Each structure stands twice: as C-alpha cells, then as structure tokens.
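This one's a predicted model, so the numbers in the text were calculated from it and none came from an experiment. Chain letters run A, B, ... following the sequence lines, proteins first and then strands; every chain starts at 1. In what follows, every heavy atom counts, from backbone to side chain, and hydrogens, waters and symmetry copies are set aside.
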Amino acid sequence: MDTIKKDDFLKDVLIILRETFEGSPEGQGSAYLDRGVGIFATLEKLSAADVSREISDTTVAAHTEHAKFYLDRICEFINGRTEPVNWEQSWLIETVNETEWNFLREGMRKSYEGVLRCFAEIETWNEENIGEAVAIIAHTAYHLGAIRQIMKSVKHDENN
Amino acid sequence: MKTINQTDFTQALSILFRETFEGMPTPEELVYLDLDAGIFVTLGVIDASQASTETNSSTIAAHSEHARLYLELLDNYLNKDLRIIDFKQSWRVKTVGEDEWDALRENISKTYRKVSETFQKNDDWELDSITVAMGIIAHTAYHLGAIRQMAKNL
C-alpha cells in the first residue's frame, strides 16, 4: 500500500501530542512517558519561585515560554506564515511572579488547544506539515525532559 | 477516504530522526534543535567519568542506555519481532568505564542505523507503526533534553 489513511495519521499524532501535554490516559498504555509526566502535570506542581530559580544558566519559566512560543510559531507556519521568526524572542522570559506564572501556564494550555485545532483543520498532510507536526512533539518532549531535570535540581537545592 | 503518501511520512520522519541523532549540518536545515545538539555530538564530548556522575539521582550513562534499549525494543516491534523484554532492564546501567562508555555509544550508533533502515524500508505505515515511530522520536528527544540539562550540571 502506498498511502496512509488520513484519519489513522491524525489519530496517532493526537495520541502522542496528548500524552506529551496531558500525560497518558488512565487505564491505557503509554507511548513514551511514565504516568503523570506530561507538561501540564509537571508545571502544575511548580510555584513561580521554583520556576524562576536559575539552574545552569536557565529556568523552568524560560523553557516553558520558549516551548510555548515554538508551538505558536509552528502553527503559524502550518497555516501559511512565510516570514522568518526571530527565535531569540522566545527566550525573553527568565523569571516570573505568581500572576505571570499562572498566565504563562494558561497560555501554554491555549497554545496546546491551538495546536489541536491546527492539526484537525489540515486538509492535506504532506512531507512539510507532517514534519512540522512531529517537530512540535519532538521539541516539546525535548524541553519537557530538560524541565524535569531542572525541577529535580530545584527540589534538591530546597531540601539541602 | 482521504490519504497521505507513505513516502511523505517516511521522509518527514527520517529528517526528524536524523536531526535527533546526527544534528543538522547548517542552521537553515534545523527543525527543532540547536546546532550541535544531537545525541552523537552531545555524548561525544562527555567522558565515562562524567557520564557516570550522579545528577538528580541518575546518570547520563543510565539515560543513554535506557534510550538505546527503547530504540531497540521498538525497532523489534516494527520488524514484527514481538519478544517480550523486561523494560526495567533498560535502567540497569548506572556507571561505565571508558571501554563500556565507548561500547555504549557505539551501540547507540548501531541501533540508530538499524532504526533508520527500518523506517526507510517500511512501506506499510499504519495506526500502530505510526505511533511507534513518532514515539521513538519523542522518547529520544525527551532523554536528549534531560541529558543535555544534566551535562550542564557537570
């Protein structure tokens, strides 16, 4: 067979995307993360002070804003954006207060919902937008891995 | 029924997989990583002692072997080899000597090449195999992010 059913592909992309953000659904197997390890559950446990603590020249807040910025921009590319992005702008946030942290987490949820809508509205999947969809997953997974390490360092510092 | 070309999926997948391990030669070709941030460059500048240094209750050697075994396991699955492997075994490596570290990195390289071939020769992508393939990239990216953060602490 030289084609993939579009519905199968969309279903698979959404499974991995949901696991990355929401974690794997209760009672079902996971594709690649341990239970309770999605973006939302990870960020929910952290205070503004935690995410503003500098560990190896970076913070959880910085990674979170960068990952959110990437989601928004890649969706724009999928929807036809052609002008280049100044990616340095994705690293402008380093520290946050509680209000800003709540706003950033809410922004992450909105961006995630934007990606779900963006994927659902794609009429024709081709090499380019398939790559962009997988890149969104890979990029978020990469920063989730980094964020969880920074989080461990912050908690370790607090306990010592 | 709406469809997607198999070759479009294979090509997009292969580009992301290559970037995850090899990185990309120029900034213009980067899709989601910075330059020199792939698995091979990242592990290439870490020695056995650094890979064995405990950071946040784990080591870079442990994450490397875990990510490698996941690759092997899912490559077996894509090749219809359904042997059951105790995945807890994937965390058995904690520290390595120089020879063991060289062997582990070489093993990652071999497994990477094997998975690349599996992706290229697959001409029947369907529900399960697409999830597995994307899971391979996501899982490796997750541990790459963790490893690079741990490396900054060394």
Side-chain angles (χ1 to χ4, degrees), chain A residues 1-13 15-17 19-20 29-34 37 55-58 63 67 70 74 84 87 122-156, chain B residues 1-17 19-20 27-28 30-34 37 54-58 60 63 67 70 74 122-154:
Chain A
M1 192 197 295
D2 57 4
T3 58
I4 301 166
K5 289 181 198 165
K6 183 186 168 190
D7 288 349
D8 281 359
F9 177 74
L10 184 59
K11 188 176 173 187
D12 281 335
V13 167
I15 285 172
I16 306 278
L17 188 70
E19 181 166 321
T20 306
S30 65
Y32 83 97
L33 291 175
D34 291 339
V37 174
I55 303 285
S56 303
D57 297 326
T58 190
H63 277 266
Y70 186 91
I74 299 300
W87 291 105
I122 290 174
E123 270 297 311
T124 306
W125 285 96
N126 53 37
E127 184 184 327
E128 192 172 345
N129 57 23
I130 292 170
E132 286 163 335
V134 180
I136 280 178
I137 291 166
H139 186 262
T140 312
Y142 176 92
H143 287 282
L144 177 58
I147 284 170
R148 291 186 65 84
Q149 287 300 316
I150 299 170
M151 182 179 88
K152 287 180 182 178
S153 296
V154 168
K155 296 295 177 194
H156 178 266
Chain B
M1 180 181 65
K2 294 196 172 174
T3 58
I4 299 167
N5 285 331
Q6 295 267 356
T7 49
D8 281 353
F9 179 69
T10 305
Q11 274 302 105
L13 187 72
S14 298
I15 288 169
L16 268 292
F17 190 58
E19 179 168 342
T20 305
E28 293 74 29
L30 293 168
V31 182
Y32 83 99
L33 293 175
D34 291 338
E54 191 172 305
T55 307
N56 298 325
S57 308
S58 189
I60 288 172
H63 278 264
Y70 182 93
L74 293 195
N122 194 339
D123 57 2
D124 188 22
W125 292 107
E126 41 66 51
L127 207 52
D128 278 356
S129 55
I130 293 170
T131 314
V132 165
M134 288 195 286
I136 284 174
I137 291 177
H139 187 260
T140 312
Y142 176 87
H143 287 283
L144 176 58
I147 287 169
R148 289 184 62 83
Q149 189 59 41
M150 292 164 84
K152 287 181 183 176
N153 289 341
L154 294 173

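- Within a 6.0 Å radius of CG in B:Asp34, other residues, nucleotides and ligands contribute 12 heavy atoms or fewer.
- The distance from atom CD of A:Glu128 to atom CD of B:Gln11, rounded to the nearest 0.5 Å, is 13.5 Å.
- Contact annotation: the side chain of B:Asn5 approaches that of A:Thr3 to within less than 4.5 Å [non-hydrogen atoms, C-beta and beyond].
- For the set A:Val134, A:Thr20, A:Ile15, the count of heavy-atom pairs under 4.5 angstrom toward chain B peaks at A:Val134.
- With contacts defined as side-chain heavy-atom distances shorter than 4.5 Å, the pair A:Tyr70/B:Tyr32 qualifies.
- Looking only at side-chain heavy atoms (C-beta outward), A:Lys152 and B:Ser57 stay at 4.5 Å or farther from each other.
- Of the atoms belonging to A:Ile16, it is side-chain heavy atoms, and not backbone ones, that fall under 4.5 Å from chain B.
- Separation of atoms CD (B:Gln6) and CD1 (A:Ile4) is listed at 4.5 Å; rounding is to 0.5 Å.
- If you take CG on B:Leu16 and CD on A:Glu132, they are separated by 10.0 Å, rounding to the nearest 0.5 Å.
- Comparing B:Asp128, B:Thr3, B:Ile130, B:Asn56 by how many heavy-atom pairs each has under 4.5 Å with chain A, the most go to B:Asn56.
- Between the NZ atom in A:Lys11 and the CG atom in B:Leu127 there is a gap of 5.0 Å [rounded to 0.5 Å].
- Ranked by heavy-atom pairs under 4.5 Å with chain B, the list A:Ala133, A:Ser153, A:Ala31 is led by A:Ser153.
- For chain B, no part of A:Ser30 is nearby; none of its heavy atoms comes within less than 4.5 Å.
- Ranked by heavy-atom pairs under 4.5 Å with chain B, the list A:Lys155, A:His156, A:Lys6, A:Gln149 is led by A:Gln149.
- Taking each heavy atom of B:Tyr142 and A:Arg148 in turn, the nearest pair found is OH-CD, 3.2 Å.
- Between chain B and the residues A:Ile137, A:Thr58, A:Leu144, the most heavy-atom pairs under 4.5 angstrom are made by A:Leu144.
- Across B:Asp8, B:Val31, B:Ile15, the residue that shares the most heavy-atom pairs under 4.5 angstrom with chain A is B:Asp8.
- Closest approach of B:Ala12 to A:Ile130, counting heavy atoms only: CB-CG2, 3.7 Å.
- Contact annotation for A:Val154: neither backbone nor side-chain heavy atoms come within less than 4.5 Å of a heavy atom of chain B.
- If you measure heavy-atom distances from B:Ile136 to chain A, you find no contacts under 4.5 Å at all.
- If you measure heavy-atom distances from A:Ile74 to chain B, you find no contacts under 4.5 Å at all.
- Between A:Ala138 and B:Ala141, the shortest heavy-atom contact is O-CB, 3.4 Å.
- Closest non-hydrogen pair, A:Ser56 versus B:Gln149, comes out as CB-NE2, 3.8 Å.
- Considering CD of A:Glu123 and NZ of B:Lys2, their distance stands at 3.5 Å, rounded to 0.5 Å.
- Within the model, atoms CE of B:Met134 and CZ of A:Phe9 stand 5.5 Å from one another, a figure rounded to the nearest 0.5 Å.
- At a threshold of 4.5 Å between non-hydrogen side-chain atoms, the residues B:Phe9 and A:Trp125 do not count as touching.
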